[in-house]
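Throughout, protein chains are lettered first and strands after them, A, B, ... in sequence-line order, and every chain is numbered starting at 1.
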2 protein chains.
Amino acid sequence: MQDEDLAGVMRALGHPVRLSIMRMLAAQRQNPCCCTDVTQSLPLAQSTVSQHIKVLLDAGLIERQARGTRNCYTLRIERLAAVNQACGGLFSGLCKPTATPHLANELA
Amino acid sequence: MQDEDLAGVMRALGHPVRLSIMRMLAAQRQNPCCCTDVTQSLPLAQSTVSQHIKVLLDAGLIERQARGTRNCYTLRIERLAAVNQACGGLFSGLCKPTATPHLANELA
DNA sequence: GCACTATATCGGTGTTCGACGATTAAAGAG
DNA sequence: CTCTTTAATCGTCGAACACCGATATAGTGC
């Protein structure tokens, strides 16, 4: 995963409202939430929530499924797993005691 | 770790240049980098690099140590470990098959 | 076709970001 | 004390963000 992509995902997750939305979608995995559901649990206008959802969509973290008259959103688990791995790699790389470039390579 | 704090850290890390700076500081842990060192390895003005460093400082991810006429920066490892843990918790919470609120609590 | 619901998008506003050059501040060297 | 180095800060500018209300779009049911 490229730094550019990882940074983009981090920025997408770098807002408390969007973290809340992600957690809510995770909690309601069985019967996915639509935009109205999310809006009703947040003190924000519908248009604002829709924009936050778009940010998460653009970052590839969630996906939309048209379901009748409403759009349901679900987490993209494989993508999240990849991000998780990239984050783990980042932090372990940062925290490793002697992370000189060539050593970093052999451990990557 | 609160969502607000986690989101702040994510946003701080949500820029390719800042990821580069973090990796560079990790690689040069033995003899810490100063602002000039970082500037010389990036195609950016000194003031711009200084501002990126300030963002990382404000997020608590790095710390400054005055060393003679220059300021050296080092990673705050304990903090990074906490962030790593929070990220791991976030992603595992998101990816868990049935992450209802009370179950999420008992696993946190 | 018409009303209704759900939601994406548009336009506007105020704030923050990312970048720069220029200036200031502070420590060392002479 | 002055000169140099280092780096933080200031002022500016355009772009992006966060929020809102209002408008458009699209599917459902009649």
TODO: Between V17(B) and T36(A), just flag the one whose closest nucleotide in DNA chain C comes earlier from the 5' side.
DONE: T36(A)
Task: Rounded distance (Å) that lies between atom C1' of dA18(D) and atom CG of L19(A) - done: 16 Å
Open item on the list: Quick check on contacts: within residues 38-59 of chain B, what sits under 4.0 Å from DNA chain D by heavy-atom distance?
Closed with: Q46(B), S47(B), S50(B), K54(B)
TODO: Let me know the distance between CZ of R70(A) and P of dG29(D), rounded to the nearest Å.
DONE: 12 Å
- [ ] Starting at atom CG of L13(A), determine the distance to atom P of dC17(D), rounded to an integer number of angstrom.
- [x] 14 Å
Task: K96(B) side, atom NZ; I77(A) side, atom CD1 - distance, nearest 0.5 Å - done: 11.0 Å
Open item on the list: Need one value for R64(A): base, sugar-phosphate or nothing, where a base atom within 4.0 Å counts as base even if backbone is also close, heavy atoms only.
Closed with: sugar-phosphate
Task: Closest listed nucleotide, where the reference is the side chain of C35(A) and the choices are dA7(D), dA8(C), dT28(D) - done: dA8(C)
Open item on the list: Between P on dC17(D) and CE on M10(B), what's the gap in Å once rounded to a whole number?
Closed with: 17 Å
TODO: Determine, for D3(B) against R18(A), whether the closest basic-nitrogen to carboxylate-oxygen distance falls under 4.0 angstrom.
DONE: no
Open item on the list: Both D37(B) and G68(A) contact DNA chain D. Taking the nearest nucleotide for each, which residue is further toward the 5' end?
Closed with: D37(B)
Open item on the list: Whether N71(A) contacts dA6(C) is assessed here as follows: a side-chain N or O lying under 4.0 Å from the phosphate OP1 or OP2. Is that the case?
Closed with: no
TODO: Indicate yes or no: at least one non-hydrogen side-chain atom of Y73(A) is less than 4.5 angstrom from one of L61(A).
DONE: no
Open item on the list: What contact category does R67(B) fall into here, base, sugar-phosphate, or nothing, at under 4.0 angstrom with non-hydrogen atoms?
Closed with: nothing
- [ ] Map C34(B) and T69(A) onto DNA chain D by nearest heavy atom, then report which one ends up closer to the 5' terminus.
- [x] C34(B)
- [ ] Could you tell me the separation between the CZ atom of R11(B) and the P atom of dC17(C), rounded to a whole number of Å?
- [x] 7 Å
Open item on the list: Quick check: do M24(A) and V38(A) have side-chain heavy atoms less than 4.5 Å from each other?
Closed with: yes
- [ ] Might you point out which heavy atoms bring G14(B) and M10(A) nearest each other, and give the distance in Å?
- [x] CA-CB, 3.7 Å
Open item on the list: Are V55(A) and L80(A) linked, directly or through intermediate hydrophobic residues, by side-chain heavy-atom contacts shorter than 4.5 Å (ILVMFWY only)?
Closed with: no
Open item on the list: Whether the Q46(A) and T36(A) side chains hold a donor-acceptor pair (N or O, under 3.5 Å, no angle test) is what I'd like checked.
Closed with: no
